[in-house]
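Since the structure comes first, as structure tokens, the remarks are kept for the end.
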Amino acid sequence: MRRSRIPFYLLVGMLVFLYLPLIIVIVNSFNMSRYGGQWGGFTLKWYSRLFSDRTIWYALGNSLLIALTSTVTSMVLGTTAAIALYRFKTRLQSAHRLFIHLPLVMPDILVGISLLLFFVALKVRLGLFTIYLAHVTFCISYVAMVVLGRLQDFNYAVIEAAMDLGASWPAAIRKVMIPMITPGIMAGGLLAFTLSIDDFVITFFVSGPGSATLPLYIYSMIRHGSPMVINALTGIFIVFTFTVVTISKKLLEEK
Amino acid sequence: MGDFLVFEGISKSFGELKVLDNVSLSIEKGTIFSILGPSGCGKTTLLRICAGFEYPDRGRVILDGKDITSDRPNRRRVNTVFQNYSLFPHMTVRENISFGLQMAGFDRSRISGEVDRYLELIQMSDQADKKATKLSGGQMQRVAIARALINKPQVLLLDEPLAALDLKLRQRMLVELDWIHDEVGITFLYVTHDQGEAMSISDHIAVMNKGRIEQQGTPVQVYEAPTNSFVAAFIGDTNFFETEITSIEDSYCRMNIKDFADGVIVYNDKNFPQGSRVYLSIRPEKFVISHAEPESHRKRNMVRGVVEEIIYMGTHTVFWVRVGDYRIQVRQSHDRFLLDEKIIEHGNTVCISWHADNCYILDRYDERDESLLTLPDDDVTVAPENIISAGK
């Protein structure tokens, strides 16, 4: 019997649909022509212009600062949440489980607007700090989910063994559980980092003057600046994100 | 001899389920004490209460005169060898073994010296830097034991420590455990569902069923003189007979068993009065089976039956002999098997006899315990004729 080739065509079609735009952007970033419509020869001038634009580097600095701080914070809080969800099966924890899942499905625009109203009501000055808080709120969920997945096949008897050997509960968690789930925590952290660094919608609502992150800056450049520089920037970003996601996947597979 | 580890009226329920019901035990210092019972009988819960992972609803645990019932696991001088070892997979053998001493805050040089000693005890000095996950089952077992023993606990708890090993390795580890016990002299509390393990390693056995202690004593006492049908059927194999005591003769009594032509005489160590309806337990190997009627003796009982089934087991042969409604299991070791001129064959009428001292009147009988007994299975019977002809 011949196997149908339809699944193969479907797969190729899907991959083309998903990745062709990205490839076009990367190709265009080396395009001499100012308007991406036609090939005007190979050039690296968009990259050199990108590297001489100081505002971009300032925005990138903001993005990295926020991504790093919110990643570290959500790694700590998300892991704590995951351990609580793993260990305790009370009614409070079922509610907790629901609330941890919620940010994964809630529309960004809702989260953004409600955070904005919240910060305004509390009279918090919008800026890097509010962006940081906003990013932490959704990153926690992703870290908690990834770590919880790792904890599913964690045998609690190991903690009992540690306590039996004289470790207090906190010491048992620190010396035994944390090292065993570190790959999960790292993978969750990398996921949080990539989500934080390219978040636009939520950041848009809670940012203030002078706190533009890279995605916000790119958006304003599309409207007022040079789209070809953005191509170069996007190219770098795609490669970077791709690398981070690959590493995070490797970490999760590792036993 | 003082009581070293004492369980005093321990009860524990998980929700509606009563797991332990007023369990009391006292364990002597330096002995190996086994808790033997089927899965779900509460033995592991009792062990976990001793280790501090569970707290009893009622009752006390007393170790060396101190009430430790509500102490945390890390505050008790008790260490556990877990069923699946629960080694720390991210650590090496050396790190696993030194964990307890590190927690106790000993200095590095002292820890390292101690760990070397225990590595030697378990004969794994050359594997010290291997990751715990890279070890074989038997090696993991040894590391788990060393990891617990290095803390010099007052009691070592062993939770089905050999269950995950294959038969040959289990027997070797059993010998090794016994040797380690002699070496360190620490009290062992050993939980198992395997009667062979319990019999061979223990000084003392407590048989548990449904959250209660059914009987305790030395392995010999528990095997030879079971007080109730559960113990008789769970440890080894046996035959149950329903009887009535017809007369008392000194410390013996006469009784009638339905379908048995003559009455039987039985040692009456519990002084049951005349007229009592009691159950009798006779172990299969206590019978002597023969073609000819054995020499009659005042203390010897005899009954005739027909051989229904013969199962050759290598070390011995199991005969199933029909006497009226009873199918009696008889076990005969055959030191002269091949030389015997008259081999007992299927369908033969035989005499089975036993001594009055070799059977026990049970205090308590429960029909459900019969399900623990081996019953003949027609499918797996090996015809003994074939084995003999192959041997010739």
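Note on naming: letters A, B, ... go to the chains in the order of the sequence lines (proteins, then strands), and numbering restarts at 1 for each one. In this text, all values refer to a predicted model and were calculated from it rather than measured experimentally. As a basis for the values below, the full set of heavy atoms in this structure was taken, side chains included, without hydrogen atoms, waters or symmetry mates.
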**Report entry** Interface moiety of B:N151 toward chain A, non-hydrogen atoms closer than 4.5 Å
**Finding:** side chain
**Report entry** From CA spacing to verdict: side chain to side chain contact (heavy atoms under 4.5 Å, CB included), B:F88, A:L165
**Finding:** CA-CA 12 Å; B:F88 306 127; A:L165 294 168; 4.1 Å; yes
Query raised in the report: In terms of heavy-atom contacts, does OH of B:Y55 have more than 12 from other residues, nucleotides or ligands at under 6.0 Å?
Result: yes
**Report entry** Interchain contact, A:A162 with chain B, by part (heavy-atom threshold 4.5 Å)
**Finding:** both
Report task. Identify the two heavy atoms, one from A:D164 and one from B:T80, that lie closest to each other, and give their separation to 0.1 Å. Result -> OD2-N, 2.6 Å
Query raised in the report: Which heavy atom of B:H90 sits nearest a heavy atom of A:K175, and at what distance?
Result: NE2-O, 3.1 Å
Query raised in the report: Is atom CZ of A:F129 surrounded by more than 12 heavy atoms (other residues, nucleotides or ligands) closer than 6.0 Å?
Result: no
Query raised in the report: Between A:A167 and B:F99, which heavy-atom pair has the shortest distance, and what is it?
Result: CB-CE2, 4.0 Å
Query raised in the report: Would you find more than 12 non-hydrogen atoms of other residues, nucleotides or ligands less than 6.0 Å from A:F204 atom CZ?
Result: no
Report task. Answer yes or no: does atom OH of A:Y156 have more than 12 heavy-atom neighbours from other residues, nucleotides or ligands under 6.0 Å? Result -> yes
Query raised in the report: Between B:S86 and A:A157, which heavy-atom pair has the shortest distance, and what is it?
Result: OG-CB, 3.3 Å
Query raised in the report: Just wondering, are more than 12 heavy atoms of other shown residues or ligands nearer than 6.0 Å to CZ in B:F14?
Result: yes
Query raised in the report: Can you list every side chain to side chain donor-acceptor pair (under 3.5 Å) pair that touches residues 31-40 of chain B, not counting sequence neighbours?
Result: B:S34-B:S202
Query raised in the report: Does atom CZ of A:F118 have more than 12 heavy-atom neighbours, drawn from other residues, nucleotides or ligands, at distances under 6.0 Å?
Result: no
Query - Greatest number of heavy atom pairs closer than 4.5 Å to chain A - which of B:Q102, B:R48, B:R77 - result: B:R48
Query raised in the report: Side chains of B:P73 and A:E160: closer than 4.5 Å at any heavy-atom pair?
Result: no
Report summary line: When the 4.5 angstrom heavy-atom criterion is applied to B:R147 and chain A, the contacting part is both
